[in-house]
Amino acid sequence: MCSVTTTTESSRRAWAGLAVLCVVALLASLELTVTHLALPAIDADLRPSGTQLLWIVDVYAFLLAGSMLALGAVGDRIGRRRLLMIGAGAYGLLSVVAAYAPSAETLIAARALLGVAGATLMPSTLSLTATMFRDARQRAVAVGIVIASVSGGTAIGPLVGGALLERFWWGSVFLLGVPVMVLILALGPVLLPEHRTTAAPRIDGVSVLLSLGAVLPLVWGLKEIAVDGAGWAAAGAVAGGLVVGTVFVVRQQGLADPVVDVRLFRDPAFSVAVATLAIGIFVLWGANYYLAQYLQLVQDLSPLRAGLWTAPSAFGVIAGSLLAPRLVRRVRPGIVIGAGLTVSAAGFVLLTQLTATSSLGLLVAGSVTVSAGLGPMMALATDQVVGAAPPERAGAAAALSSMAPQLGGALGIAVLGSVVAAVFRGAGTGEDTLGAAVAAAEDLPAGGAGAALAAAREAFTDGIVVAATVSAVLAAVLAISVVALSARRDTVVPRADPWESA
């Protein structure tokens with residue numbers, strides 16, 4: 001552990017403020033995982049359609065990613081601490097709305113607005129951390145602590161969510177944000193400094209609307225195609241999203257202060273690094289989504305036991321990300337990332353062997369292998385994104401490195417979740433979701449219920465096998481691309497371990 005020699009009041013205040021920000025970071029990642037375990041209970045209570053069930057999970061991440069760049073610019077203008085306070089208050093109120101939502105539509109709307117409020121949290125957290133710690137060595141350690149808090153939230157999310165669902169109703173997982181937001185509102189003005197940029201760029205509202213207008217119809221269309229086939233509405237949504245996305249890109253090229261500097265993508269190294277972040281989290285979040293349901297609805301585990309069985313995969317990410325900085329002292333970062341992605345692909349191959357009656361050891365082995373292989377990517381790809389950009393565009397590159405995994409993860413839940421749903425419905429179960437099939441089986445005679453339930457669980461597992469196969473192929477292709485590019489150009493200069501120098 002680092003030794004902090006500065007004992008001034010301002011330094012003590014900075015470290016106390018960091019503790020508050022770490023709680024924010026932990027909550028931001030925890031909220032992305034606890035919802036997965038609540039899905040069976042939400043399904044049984046609110047009876048959403050298969051598409052609505054996916055929106056309940058991923059609309060939060062979509063709006064989080066879509067709003068992050070714009071709200072980051074707002075924070076530059078009005079102040080990062082003020083933005084954090086406003087976002088914290090909104091987040092707390094919306095958490096209560098989500099917890100007591102009477103319908104699937106209300107819950108989706110609340111989750112969407114929670115995503116917008118959540119987009120104020122991480123950008124403000126990282127910016128305030130950099131502001132509070134001027135010393136480069138202490139700042140490196142502080143940022144490392146924040147990132148560790150994010151990983152910690154991912155690790156404990158299933159455990160906390162499982163414990164709550166054992167004792168309370170599904171809405172309790174959303175109330176986790178309320179005491180944290182109260183803490184921020186109480187301690188933030190005392191411990192956190194205000195920070196704003198005097199010459200902040202103008203916020204282009206049209207670009208913000210275009211970005212959302214491109215992402216949301218595109219993803220909705222892809223989900224509808226996966227679940228119900230290529231109907232006119234779904235195909236039109238995909239086409240419309242692509243058209244709006246094209247308009248967005250063209251507009252960014254003509255703006256003096258673009259929301260996204262698309263010129264950065266002319267560098268192949270930068271493009272591959274962003275794709276690595278997006279696709280890596282795409283397959284990881286997709287796996288988290290369907291494996292959480294597999295444990296509860298196929299293996300018939302309680303929420304708490306399901307959380308305990310998913311926790312090892314989160315620690316796999318932590319182990320892989322901690323090992324990566326030491327490996328790049330001897331091996332090029334691109335090779336480390338490529339090797340990790342290859343390991344991850346092998347983990348998905350293990351998951352293709354799942355059946356409705358498989359040992360849980362197989363699931364743990366596969367999921368831990370997947371997450372440990374993706375850990376180096378999560379630790380090093382962000383450095384590649386920033387390192388590939390010229391100094392004057394480093395801020396835009398950093399913003400993209402934050403947005404890419406959020407958007408990729410949300411797409412992973414949408415697309416891979418839809419793949420599982422499509423296979424499930426194609427098996428002729430007569431229900432949109434496995435949760436609905438389990439509920440319907442309860443009304444059948446004992447003999448018929450057992451056969452219907454076994455068939456539904458096998459159909460859902462078949463969907464997981466298809467999704468895991470797709471993920472294995474994506475991880476393998478990405479590994480080859482990263483290694484091939486690394487052979488020509490390595491965009492990252494290995495950095496010293498901040499814990500060793502501190």
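Taking each heavy atom of Pro376 and Ile337 in turn, the nearest pair found is O-CG1, 4.2 Å. Ala437 and Ala456 make their closest contact through CB-CB, 3.8 Å (heavy atoms, listed as atom of the first residue, atom of the second, distance). Shortest non-hydrogen contact noted between Ser371 and Val368 is OG-O, 3.1 Å. The minimum heavy-atom distance between Leu478 and Gly280, with the atom names listed, is CD2-N, 4.4 Å. Between Gly334 and Val483, the closest heavy-atom pair is O-CG2, 4.2 Å. Across Ala356 and Glu458, no two heavy atoms sit closer than the pair CB-OE1, 3.4 Å.
The neighbour count for Arg47 CZ, taken as heavy atoms of other residues, nucleotides or ligands under 6.0 Å away, does not exceed 12.
Qualifying side chain to side chain contact (heavy atoms under 4.5 Å, CB included) partners for Val343, counting only residues two or more places apart in sequence or in other chains: Thr369.
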May I have the list of side-chain donor-acceptor pairs in residues 92-104 shorter than 3.5 Å, sequence neighbours left out?
{"from": "Ser95", "atom 1": "OG", "to": "Tyr91", "atom 2": "O", "distance (Å)": "2.7"}
{"from": "Ser103", "atom 1": "OG", "to": "Thr106", "atom 2": "N", "distance (Å)": "3.2"}
{"from": "Ser103", "atom 1": "OG", "to": "Thr106", "atom 2": "OG1", "distance (Å)": "2.9"}

Under 3.5 Å, which donor-acceptor pairs link side chains of residues 345-355 to any protein atom two or more places apart or in another chain?
{"from": "Thr352", "atom 1": "OG1", "to": "Val349", "atom 2": "O", "distance (Å)": "2.4"}
{"from": "Thr355", "atom 1": "OG1", "to": "Thr357", "atom 2": "N", "distance (Å)": "3.3"}
{"from": "Thr355", "atom 1": "OG1", "to": "Ser358", "atom 2": "N", "distance (Å)": "3.3"}
{"from": "Thr355", "atom 1": "OG1", "to": "Ser358", "atom 2": "OG", "distance (Å)": "2.9"}

Show, in sequence, the C-alpha distance, side-chain angles and deciding distance for Leu416 and Tyr289, and conclude whether the side-chain contact (heavy atoms from CB on, under 4.5 Å) test is met. CA-CA 9 Å; Leu416 294 176; Tyr289 172 79; over 6 Å; no
side-chain contact (heavy atoms from CB on, under 4.5 Å) between Leu291 and Trp309: does it pass, once the steps are laid out? CA-CA 10 Å; Leu291 290 180; Trp309 281 102; over 6 Å; no
Take Gln293 and Leu53, measure what side-chain contact (heavy atoms from CB on, under 4.5 Å) needs, and give me the verdict at the end. CA-CA 12 Å; Gln293 294 183 76; Leu53 197 65; 4.2 Å; yes
Evaluate side-chain contact (heavy atoms from CB on, under 4.5 Å) for Leu164 paired with Leu176, printing each intermediate quantity in order. CA-CA 10 Å; Leu164 288 172; Leu176 283 170; 3.9 Å; yes
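Of the inter-residue distances, the one linking Thr120 atom OG1 with Ile86 atom CD1 reads 8.5 Å to the nearest 0.5 angstrom. With rounding to the nearest 0.5 angstrom, the CG atom of Leu341 is 9.5 Å from the CD1 atom of Ile279. Interatomic distance, OH of Tyr60 versus CD1 of Ile56, reported as 15.5 Å (0.5 Å rounding).
At least one side-chain heavy atom of Phe174 sits under 4.5 Å from a side-chain heavy atom of Arg111. Within the 4.5 Å cutoff, no side-chain heavy atoms of Leu297 are placed close to those of Arg457. Residues Leu360 and Leu301 form a side-chain contact, since some pair of their non-hydrogen atoms from C-beta on lies under 4.5 Å apart. Side-chain contact between Pro217 and Val244 is absent, with no heavy-atom pair separated by less than 4.5 Å.
No donor-acceptor pair under 3.5 Å is formed between the side chain of Ser344 and the backbone N or O of Gly340.
If you run side chain to side chain contact (heavy atoms under 4.5 Å, CB included) between Tyr290 and each of Val420, Leu434, Leu295, only Val420 comes through.
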